[in-house]
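Order of appearance sets the numbers: ligands from 1, and atoms from 1 within every ligand. Excluded from the calculations below are hydrogen atoms, water molecules and symmetry mates; all remaining heavy atoms, backbone and side chain alike, are included.
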Amino acid sequence: MKIDRIEAFQVQWSPHDKAEQRSAFVRVRTDDGLYGVGEASPMQGGLASLGMIVHNIAPALIGADPMDQAVLQDRLLHRLVKLGPEGALTGALAAIDIALWDLKGKAFGQPVYKLLGGAWRTALPFYASIGGNGAGRSIDEVLGIVEKRLRDKPAAIKIRFDNPRIDLDEGIADHIAKARAVRKMVGDDFPLAFDANNGYSPSGAIRVGRALEELGYWWFEEPVQHYHVKATGEVARKLSITVSAGEQTYTLGGLAELIEAGVRMIQPDIVKMGGITGLQRAAALAQAHGVELVPHQTQPMIGHLASLHVAAAQLHATKPCEWNDPSTRTHVLFDHPPVPVDGLFHVPDRPGLGIDFDAKALAARRVDIGACD
Ligand code: CA
């Protein structure tokens with residue numbers, strides 16, 4: 001079996017959306033008629049990753065054996081490292097890796113989690129990730145959204161503050177007040193998390209972290225700038241609440257540095273670094289260090305399912321899987337969209353990832369970036 005065609009495309013969600021608002025996908029086809037689907041990081045519409053796939057990655061993959069996904073990824077990462085090993089390149093390689101795993105599952109007639117060694121669980125609880133709780137939203141509005149998301153029966157709620165990352169420590173009193181109001185609404189025992197989105201200085205983060213400890217929050221995500229690894233570790237070591245980071249870390253070495261600094265919960269993202277192959281390696285690293293792996297994942301369809309397959313096969317799953325703000329618009333494009341039933345995502349046992357594009361819906365929304373064959 002050989003790879004004989006790779007397509008890179010965006011999907012348009014409305015006729016007037018901008019290129020940077022679209023999702024980014026790939027489809028890898030083989031000479032015996034199989035194909036696999038993958039998703040790239042959607043940052044800025046995934047255009048940089050899709051461009052690298054068309055111009056730099058796909059030409060090197062035509063004719064290759066799709067079963068060699070790890071060798072292909074590592075070879076290309078090293079060959080293209082000077083394009084910048086973090087971000088667009090790892091997102092591009094992640095999309096290809098996910099598609100090759102989907103293909104591999106279809107070739108063997110097995111769901112991806114079986115190829116990863118089997119599932120510890122196939123029904124996975126999730127946490128509702130709720131963004132935009134900063135200055136533009138009142139406390140009552142935050143509570144209204146939390147109340148609405150509780151109807152999906154999440155196992156936990158995370159409130160995000162989506163800071164612009166420039167005005168550090170702005171709005172701390174407001175953030176704590178919102179964290180307190182949410183705690184009061186859901187009661188003492190409901191698991192809650194707080195995502196600073198890199199909005200604080202180390203001392204600001206410690207102030208917020210102490211308040212979250214008193215309020216019984218489960219974890220405190222990205223308290224300081226992601227590139228200040230030592231400072232992230234310093235905050236983690238000074239607080240008793242679990243401090244997490246890693247959604248903006250693109251290499252295994254980067255995750256190792258976070259762990260070494262003192263971070264006890266890492267959150268790599270399957271569409272940003274390494275795909276399924278990369279996330280499995282991250283799981284091994286976390287397990288070796290006794291650190292929690294709770295993947296970041298905001299894409300509701302292919303990325304989400306790929307992440308669920310890895311979570312199903314993960315030995316220690318200490319926190320629920322992330323489910324971002326739900327968007328029904330993405331469901332129209334796929335044949336078996338993952339939706340939670342009674343608070344659980346069920347990992348499909350169909351071959352591969354267990355999801356495919358609906359051909360007609362895709363034809364109406366597809367924006368081609370290029371193909372290589
Ligand atoms: Ca986050």
Side-chain angles (χ1 to χ4, degrees), residues 39 41-44 86-87 90-91 94 126-137 142 145-146 149 154-172 175 178-179 182 191-202 204-205 208-209 212 217-229 231-233 235-236 239 241-250 254-255 258-259 261 263-273 278-279 282 286 291-300 303-304 307 310-311 318-327:
E39 177 162 16
S41 168
M43 297 299 120
Q44 301 301 311
E86 305 203 342
T90 51
F126 68 92
Y127 73 82
S129 181
I130 303 173
N133 296 302
R137 195 174 279 170
V142 172
I145 294 168
V146 170
R149 293 293 300 277
I157 293 264
K158 179 172 89 184
I159 48 172
R160 312 197 310 262
F161 287 83
D162 299 327
N163 288 293
R165 300 181 174 87
I166 296 166
D167 303 314
L168 297 183
D169 294 344
E170 217 168 82
I172 283 186
H175 299 171
K178 285 169 177 166
V182 172
L192 289 172
F194 183 106
D195 188 346
N197 295 110
N198 317 102
Y200 306 133
S201 67
V208 174
L212 296 175
Y217 272 62
W218 265 24
W219 79 87
F220 183 18
E221 190 164 316
E222 290 202 302
V224 301
Q225 300 282 339
H226 83 278
Y227 45 78
H228 285 152
V229 173
T232 307
V235 171
L239 293 172
I241 187 173
T242 298
V243 168
S244 66
E247 68 176 80
Q248 299 177 85
T249 301
Y250 303 89
L255 291 174
L258 277 176
I259 293 170
V263 172
R264 311 309 297 162
M265 172 171 152
I266 55 170
Q267 301 172 291
D269 187 321
I270 203 162
V271 301
K272 289 184 165 66
M273 69 153 286
L279 198 51
V291 164
E292 293 179 68
L293 173 82
V294 184
H296 176 264
Q297 179 45 232
T298 60
Q299 299 312 290
H304 183 57
S307 206
V310 178
T318 50
K319 302 277 190 303
C321 299
E322 180 163 21
W323 193 35
N324 201 21
D325 306 316
S327 170

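For S244, the side-chain hydrogen bond (donor to acceptor under 3.5 Å, both in side chains) partners at least two apart in sequence or on another chain are Q267.
When distances from the Ca ion (ligand 1) to the N, O or S atoms of E247 are compared, OE1 comes out shortest. The minimum distance between the Ca ion (ligand 1) and any N, O or S atom of D195 involves atom OD2. Closest approach between the Ca ion (ligand 1) and any N/O/S atom of E221 involves OE2.
A donor-acceptor pair is defined here as one N or O able to donate and one able to accept, closer than 3.5 Å; such a pair exists between the side chain of R137 and the backbone of G131. N198 places no side-chain N or O within donor-acceptor distance of the main-chain N or O of R165, the cut-off being under 3.5 Å.
Remark: aromatic rings of Y127 and W218 are distant, center separation not under 6.0 Å.
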